[in-house]
There are 2 protein chains.
Amino acid sequence: MASKTIKDIARAANVSYSTVSRALNRKEGVGAATRERIFVIAKEFGYTPNAIAQGLVTQRTKTIGLVLPDVTNPFFPEVAAGVELAADELGLSVFLCNTNWDKEKEERYLRLLAQRRVDGIIVSLIADEPEELVRDAVGDTPVVYVNHAPLRTERPFVAIDEDRGSYMATRHLIDQGYDTVGFIGAEAGGITSIPRLHGYRRAIEDAGIQYDERYVGLPRAGESSGSDIIMRMISEGCCPRALFAQNDVTAFSVMQGAQACGLRVPEDLAVIGFDDIPTAGFEAVGLSTIRQPKRELGRLSVELLRRQIESSLPEEGDSNQILLEPELVIRRTSGAARPQEPRR
Amino acid sequence: MASKTIKDIARAANVSYSTVSRALNRKEGVGAATRERIFVIAKEFGYTPNAIAQGLVTQRTKTIGLVLPDVTNPFFPEVAAGVELAADELGLSVFLCNTNWDKEKEERYLRLLAQRRVDGIIVSLIADEPEELVRDAVGDTPVVYVNHAPLRTERPFVAIDEDRGSYMATRHLIDQGYDTVGFIGAEAGGITSIPRLHGYRRAIEDAGIQYDERYVGLPRAGESSGSDIIMRMISEGCCPRALFAQNDVTAFSVMQGAQACGLRVPEDLAVIGFDDIPTAGFEAVGLSTIRQPKRELGRLSVELLRRQIESSLPEEGDSNQILLEPELVIRRTSGAARPQEPRR
DNA sequence: ATGAAAGCGCTAACAA
DNA sequence: TTGTTAGCGCTTTCAT
């Protein structure tokens, strides 16, 4: 029952097993006849090369790991698709790991991939892990950060300018005429909440508006979504006229909560998100947002990883740390304020 | 630079390398002192066990493969989450592969996983592959089908009763008072389009309605989404009053297309989907649908795989072929028809 | 063109 | 308790 090996084939073909190896790998120096015979037997035996054994000797697994926090947020699958595509072109397969916003799981997966001796790892960290932690988990395995870069890392990364994007989003809301513009953090936004909140605050203060904590809704214990937060804000009587949500999924949730409380979007509450996940563009939704070049993020991270694998040098330096530009996408949910119609 | 091996540690600790192996694997028969020494050195060396080598000798990789057609459709990540959870409890890691509705890629991944000698594979096939094809790709590797079962397979599977669910969806629309109820297939619905169309047709005919092909929109060449199809139907003047979409993503797309043409949902066009992806439940959307127990699908498939791996017998039989019941979820988009308000 | 043999890093008998 | 040895299935010199 155990699958056939190269030796079984060798025996059946009456050659040494090194000849079989050569034939199967299409290497020079095998007689056409023998080669033919070997292929026939291999097919007949249903031979499947043992990649484990191959990897052991070649020290190359032709596999890369992709560690993502949440495949359930459509943003990540889009990035994954970009990675897949690019990896495919290089003949690499992708081992996708979902950490589910669990720090321990993240570490476990990084370690695991290193143990499996993948050729490299692309990871979207869930928090600002100290570099040594990552290093400890992956050892010498090449790593590229995607979607976010830990502070002062020397590793290659591809991300977008979160601060800038958040500034643009907030600014847009202000320009639309809203006097009170709030921020809502994601339940599991991990690392991105810091720069996004920061960009929000910058825009607020640049506009000469007083930064007001009451309009900043960060998830508290027991709150699991943007909907919970907006409902809290409403019940506390400090719901702003416009909101910048940390990401589109949160924005959706916020809108759901607001609508459940009888608020209309954007008439009573304007909303803008971040990411531009596919559903944001749906007619029925029309969520204004900051677009991230998701597939591109994926593609580029593979490219950076390839460089690192091939050179096998630590390969530091600017050109390997890419910051992409965000893009403002205006849709329905951030329609202009109507000052003639004061709230309530 | 190459990572340290067990031998390096042995040398440094002045013991044989089998002792190191024993110590590191927490096996009996190692002096507390030596054990201690070995651990210290291992840590110091940043030792990472080579899973490749381990797998080669133990013949067990503690890894399973999960092959999915489209992580971009929120249905699949939910199933994946279920698989992850269950696998985790068994100490297995999951190698997630996205075929992107590409048959060739699917075969490649199955083969690849088999070559990597994963302990087993859970796959959601994109079409009704003949059993031999799968067999040819995976060899003796245990396989469980999820989300769909190929006709007359003897392998274990977990799926829901698609035909039944589709019947329920269609029936619901009819009960709501719609006289014309259509069907829209998914752009890349793969295998599920057959039973879902079948269930639709059964319900139509059971209700004494004449099955009318004009109301059945299957994607044609060049059409990439439900939106394209509904727009074609509208332009051809044969848009029904209510629609059962093959899945929620398609339903979303259909609604987008309909609304772009000025139709209101559900006033002008009632819609019901299939899957109950998370966004379907959002207030702003309120998509009626047929719920699939997605996480459960994942959990159960892992359980079936575990059985198969442990027994290593082909393990056929009824109890390993699970058909779950679908559940009708009524929301906003399938509101009752208002006969007093004839169309147009 | 083919074979023999070494060895990738590890586990698991079997000895000592 | 520890060491020795034989592989796991494969690629890759080095001979022939």
Side-chain angles (χ1 to χ4, degrees), chain A residues 1-39 41-42 45-63 112 114-119 139-141, chain B residues 1-39 41-42 45-63 112 114-119 139-141:
Chain A
M1 197 83 272
S3 38
K4 301 283 186 178
T5 77
I6 219 176
K7 285 190 182 172
D8 297 315
I9 299 178
R11 205 171 306 124
N14 246 307
V15 292
S16 78
Y17 64 91
S18 51
T19 301
V20 176
S21 171
R22 275 189 287 255
L24 260 21
N25 289 306
R26 299 167 162 67
K27 298 226 162 141
E28 295 296 291
V30 183
T34 357
R35 176 200 212 84
E36 185 64 22
R37 191 150 38 97
I38 289 171
F39 270 93
I41 297 176
F45 280 11
Y47 171 73
T48 306
N50 186 327
I52 299 279
Q54 286 177 158
L56 187 58
V57 27
T58 61
Q59 308 280 30
R60 282 285 232 113
T61 55
K62 286 285 185 184
T63 305
L112 203 85
Q115 290 179 184
R116 293 268 190 289
R117 296 295 191 269
V118 294
D119 294 339
D140 298 329
T141 312
Chain B
M1 196 84 277
S3 37
K4 302 283 186 180
T5 77
I6 220 175
K7 285 190 183 173
D8 297 315
I9 299 178
R11 206 170 305 124
N14 246 309
V15 292
S16 78
Y17 64 92
S18 52
T19 301
V20 177
S21 170
R22 274 188 288 254
L24 261 21
N25 290 306
R26 298 166 161 68
K27 297 226 163 143
E28 295 296 292
V30 183
T34 359
R35 177 202 211 81
E36 185 64 22
R37 191 152 36 98
I38 289 172
F39 270 92
I41 297 177
F45 280 11
Y47 172 73
T48 306
N50 186 328
I52 300 280
Q54 285 177 159
L56 188 58
V57 28
T58 62
Q59 307 282 27
R60 282 287 229 112
T61 55
K62 285 284 184 185
T63 305
L112 203 85
Q115 290 180 184
R116 293 269 189 290
R117 297 296 191 267
V118 294
D119 294 340
D140 299 330
T141 312

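Predicted, not measured: the structure shown is a model, and the values here were computed from it. Protein chains get the first letters and strands the later ones, always in sequence-line order, with residue 1 at the start of each.
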Counting only side-chain N and O atoms of B:T5, is one of them less than 4.0 Å from OP1 or OP2 of C:dG9? no

Could you pull out all donor-acceptor pairs under 3.5 Å where a side-chain atom in residues 20-27 of chain B meets a protein atom, sequence neighbours excluded?
{"from": "B:S21", "atom 1": "OG", "to": "B:N25", "atom 2": "ND2", "distance (Å)": "3.4"}
{"from": "B:N25", "atom 1": "ND2", "to": "B:S21", "atom 2": "O", "distance (Å)": "2.9"}
{"from": "B:R26", "atom 1": "NH1", "to": "B:L24", "atom 2": "O", "distance (Å)": "3.3"}

Has the side chain of A:S18 got a donor or acceptor atom sitting under 3.5 Å from an opposite partner on the base of C:dA4? yes

Can a side chain N or O of B:Q54 be found less than 4.0 Å away from OP1 or OP2 on C:dT11? yes

Of A:I6 and B:V15, whose nearest nucleotide on DNA chain D comes first from the 5' end? B:V15

State which of C:dC10, D:dT12, D:dC8 makes the closest approach to the side chain of A:S21. D:dT12

Find the distance A:Q59:CD to C:dG7:C1' and express it as a whole number of Å. 11 Å

How close or far is atom C1' of D:dG9 from atom CG of B:L56, stated in whole angstroms? 6 Å

Would you say A:T19 reaches C:dG3's phosphate, i.e. side-chain N/O to OP1/OP2 under 4.0 Å? yes

Side-chain N or O of B:Y47 less than 4.0 angstrom from OP1 or OP2 on C:dC10? yes

First encountered from the 5' end of DNA chain C, between B:V57 and A:N14: A:N14

What residues in residues 22-37 of chain B put a non-hydrogen atom under 4.0 Å from any atom of DNA chain C? B:R22, B:N25, B:K27

Distance, rounded to the nearest Å, where A:R11 contributes CZ and D:dG9 contributes P: 11 Å

